[in-house]
Amino acid sequence: MQEKTTKGILLDVDYVNREEGSAKKSVIRLFASTGKGIEAFEDWNFKPYFYVKAQDLDKAEKALGEAAFGESREVKVKSIERVKRANAENILRLSFENVQDLVAARAEVLGIEGILEKAEHDIPFARRWLLDHEAEPMNGIEIFLEGNKAKKVKIVEREKPEFRVAAFDLETLSPGRFSDPKQDPILMASFAMGKEAKALGNGQVLGKNAKVLSYGKGFGKEVDVFEDEKAMVKGLEERIREKKPDVIATYNGDLFDFPYIKERAERLGLGFAISSDGSQPKLIRKGRDNAAKLVGVQHLDVYQMLRFLARFAVVSLVKFDLESVVNSLYSIEKEKIKAEEINKIWGERKGLDRLAEYCAEDSAYTLKIAEQYLPLVVELCKIVKQPLFEVGRASASMLVEFLIMEKCFETGRLIANKPDDAAVQQRLMHPIKGGYVKEPLPGLHENIAVLDFSSLYPTIIISHNVSPDTVGCPHKECMEKNLAPNKQWFCSKKSGLIPEILETLFERRIKLKRQAKKLDRKSPEFVILNARQQALKILLNSFYGYLLYSRSRFYSREAGSAVTAWGRQYVQWVGSEAEKAGFELLYNDTDSAFLIIPAAKERKDVLAFVEKINKELPGVMNVELEGFFKRGIFVTKESGEGAKKKYALIDYEGNLKIVGFEYVRRDWAPIAKETQRQVINAILQEGNPEKAIEIIREKINALSKGNAKKSELTVLTQIKRPLEKYESIGPHVAAAKKAAAKGREIGIGSIIGYVITRSGKSISDKAQLAEYVNEGNYDPNYYIQNQVLPAVMKIIREFNVSREDLLQGGKQSKLGAFS
DNA sequence: TAATTCGCTAGACCGA
DNA sequence: TCGGTCTAGCGAA
């Protein structure tokens, strides 16, 4: 047979069942973007398998060879193989003709005499292929073909893979209720593609870079007008197929656009066949929600991606509707046309071009955000070796698990099984001790140096070889030399599974950061290197949590608590060394130390201290100077102690850093937050409490006159459970319930924006969803007493100013007594 | 099908 | 009506 090779970018792997003679055979399909669009290649040589641990290999082989599984009692093991694993004995690999046979056999295999355990039985077939071939989705691949079948694959590193990215968006009719695809038509669709988006700058009207499809009369010439909904849906399908994107971005396409268009297409007697194999989008379960999966071409739900990135603090977002996101990322006020207005425009056929512009903007911005964050997500795909579809919706635990499983494969270890529910419950009942937080000395401080351990927990794991497979080794030497303060010790002779992975990630990141430092921050090379190091950082920081995560395959209470025990020891050691060196220790939190530089010392003494500390720290552990600060303020709790996790600093350039205060919390009214920021600024910037008092009086005055705007008064709080499950009805729940009674849908995860109005008795009684509240309808007393004053009193209390001083405008004779 | 622990604070809730 | 306790949410690391 003729041999040839094809090169491309690996996008996706799945499997299909094919006939081979009379047998049903599961066959792997690889989807690669080759320049001619997305092509599929089949690998017929890879079989689904899992492992069992046997009491006696000979007997087990015989029993398994004779066994028949499934309802039909016709399912046989195709082949049995003895394999060596580094961490287990008496292991057999059972291979099957197809996935369904494997599923039937794994359900019953423990019933066979002499089979003690099963392992790696829950790894989906396509993922199994990726694992065993160490292939990297979203990276280059060379496929060696024999005829039309894939024989072998090789990774070809692409420094900067280019993807064809597209986005689409739908507008639907919602007559007095939420749109229902069983009845309500799609009114409009927009489609945006790759190159156009790159030229876009801030402030530009993005809409014109997307094409709008609709039907009926009354449109300008920018819109592709079809005969009816059916023709429009077909038109969108054709456009997508013709443009051959590698990635299709949507905003909430998992839960809205895809399910909607799929249902509509079906009802209209059409398909929406935009997958690379000509199939329809599949709605599959992914965690709590559904996800819309395409074959080959990768569906990236930008909404899901942003949720993911927000969890890792790559983006800082509070509300996730597209308008808020665009505003937060690009400082652009994007127009939102509400459902009722869409209905009206459509019905009266007036303002259709405005609606078209709105629709176009949705897909254009979706595309813009997708392209901006794609480098980071692509790097994650390459590192954890999973497709974009998976990574864009993954949790931290899944990413870590992917990496550990690969390491196991690479080093010939058997992958540990998932815990059963009883084990999960057990784990949850035994939390461990975490980081150390020192009570700060409240008040205003000057000349502060902040030191930080860089990646404290990962570097402890690496430097002390902390891992589930190195804990409590039999060596006396390790017990003496590598003993954690929690009395657990770890082997120092062979490296553990987790430290091995972390060390690789850590070194790669250091190298990338070093390279990136030499580049211009705006250059495309920098963007790629930066995305890569950020991806590594996300992963590095996720491992410690995974050790203590209750559903972890590699849970280790011993390892996890050793990490924090060492962490507490090291951070306190730095503190006491600093005191010995003549600094005053102001505060610690987990991995940081705040030092006051006394008059007799200078910056270079701090640097010398850091250098000395680093010489004494083991392995890759390292302390760095986060910065010098001119002033800082810590406050007192109601109880009189210094409050932890709340402080504000100002550097010598006048930049404020506010931590933990109401100012950074979304569940406080903007008016209270802003006043607090101004007060902190007045005190840190100018050391001027009088000015702070003026600011506060002004705000109180405006509030009591009724001059505050609704937007300054709206408090945001998340609904975290079904409304009827609340034991205690707080203001946000009360407001949500009232809104729900009016027919608003409020589900888990909704962010409630509410205002405390004048009508009602308790605070909850007075709470109403902001959109139902008229400007000016607010309870000034609440906002003064429960919002502004508590937020600012914390701070100016340190200067002996009382509530009365602020409210009555009395003299501040006590002022200054503090310092 | 969800990474961890530490910490602060509000407002409801409950019993005296 | 008061004060203590509990529920709930969010942020720091």
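Just so it is clear, the structure is predicted and the values come from calculations on it, not from any experiment.
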Check this for me, if you would: do [X] and [Y] make a salt bridge, where the nitrogen-to-carboxylate-oxygen distance has to be below 4.0 angstrom?
X        : Y        : value
A:Glu771 : A:Arg744 : yes
A:Lys737 : A:Glu724 : no
A:Lys699 : A:Glu674 : no

Check the distance between [N]'s [atom2] and [X]'s [atom1] and give it to me in whole angstrom.
X        : N      : atom1 : atom2 : value
A:Lys646 : B:dG7  : NZ    : C1'   : 9 Å
A:Leu547 : B:dA3  : CG    : P     : 14 Å
A:Tyr754 : B:dA10 : OH    : P     : 12 Å
A:Trp566 : B:dT5  : CH2   : C1'   : 19 Å
A:Glu662 : B:dT9  : CD    : C1'   : 8 Å
A:Leu428 : B:dA2  : CG    : C1'   : 10 Å
A:Glu390 : B:dT1  : CD    : P     : 11 Å
A:Arg307 : B:dA2  : CZ    : C1'   : 13 Å

Can you tell me how far apart CG (A:Asn786) and CD1 (A:Ile756) are? Round to the nearest 0.5 Å.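 The CD1 atom of A:Ile756 is 8.5 Å from CG of A:Asn786, to the nearest 0.5 Å.
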What's the spacing between A:Ser454 OG and A:Glu624 CD if we round to 0.5 Å?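 Rounded to the nearest 0.5 Å, the OG-CD separation comes to 4.0 Å.
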Remember a base hit wins even if backbone is also touched, and classify [X] as base, sugar-phosphate or nothing at under 4.0 Å, heavy atoms.
X        : result
A:Arg427 : nothing
A:Lys794 : sugar-phosphate
A:Gly545 : base
A:Arg666 : sugar-phosphate

Between [options], which nucleotide gets closest to the side-chain atoms of [X]?
X        : options              : value
A:Ser764 : B:dT9, B:dA3, B:dG11 : B:dG11
A:Pro431 : B:dT5, B:dA2, B:dT9  : B:dT5
A:Ser397 : B:dT5, B:dA12, B:dA2 : B:dA2

Between [X] and [Y]: side-chain donor-acceptor atoms closer than 3.5 Å:
X        : Y        : result
A:Tyr754 : A:Gln768 : no
A:Asn486 : A:Ser561 : yes
A:Gln304 : A:Arg393 : no

When you look at CZ of A:Phe629, are more than 12 heavy atoms from neighbouring residues, nucleotides or ligands closer to it than 6.0 Å?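 Atom CZ in A:Phe629 is packed in, count exceeds 12.
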Which angle, to the nearest 10 degrees, lies between the helix axes at the two ends of the helix from B:dT4-C:dA13 to B:dA16-C:dT1, each defined by five pairs?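 If I round to tens, the end axes sit 10° apart.
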Is the distance from OP1 or OP2 of [N] to the nearest side-chain N or O of [X] less than 4.0 Å?
X        : N      : result
A:Tyr436 : B:dC6  : no
A:Lys637 : B:dC8  : yes
A:Lys645 : B:dG7  : no
A:Ser542 : B:dA3  : no
A:Tyr782 : B:dG11 : yes
A:Asn786 : B:dG11 : yes

Quick check on DNA chain B: between A:Thr636 and A:Phe312, whose nearest nucleotide comes earlier from the 5' end?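 Final value for this comparison: A:Phe312.
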Can you work out whether A:Gly642 or A:Tyr457 has the more 5'-proximal nearest nucleotide on DNA chain B?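 Closest to the 5' end, via its nearest nucleotide, is A:Tyr457.
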Audit row: A:Asp779, A:Lys766, salt bridge (charged side-chain N to carboxylate O under 4.0 Å, His left out) steps and yes/no: CA-CA 8 Å; A:Asp779 177 359; A:Lys766 296 179 185 176; 2.8 Å; yes
5' to 3' contact window, DNA chain C with chain A (heavy-atom distance under 4.0 Å):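 Footprint of chain A along DNA chain C, 5' to 3': C:dT7 to C:dA13.
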Is the positively charged end of A:Arg721 above the ring of A:Tyr726, judged by distance under 6.0 angstrom from the centroid and angle within 45° of the axis?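 Geometry flag: set, cation within 6.0 Å and 45°.
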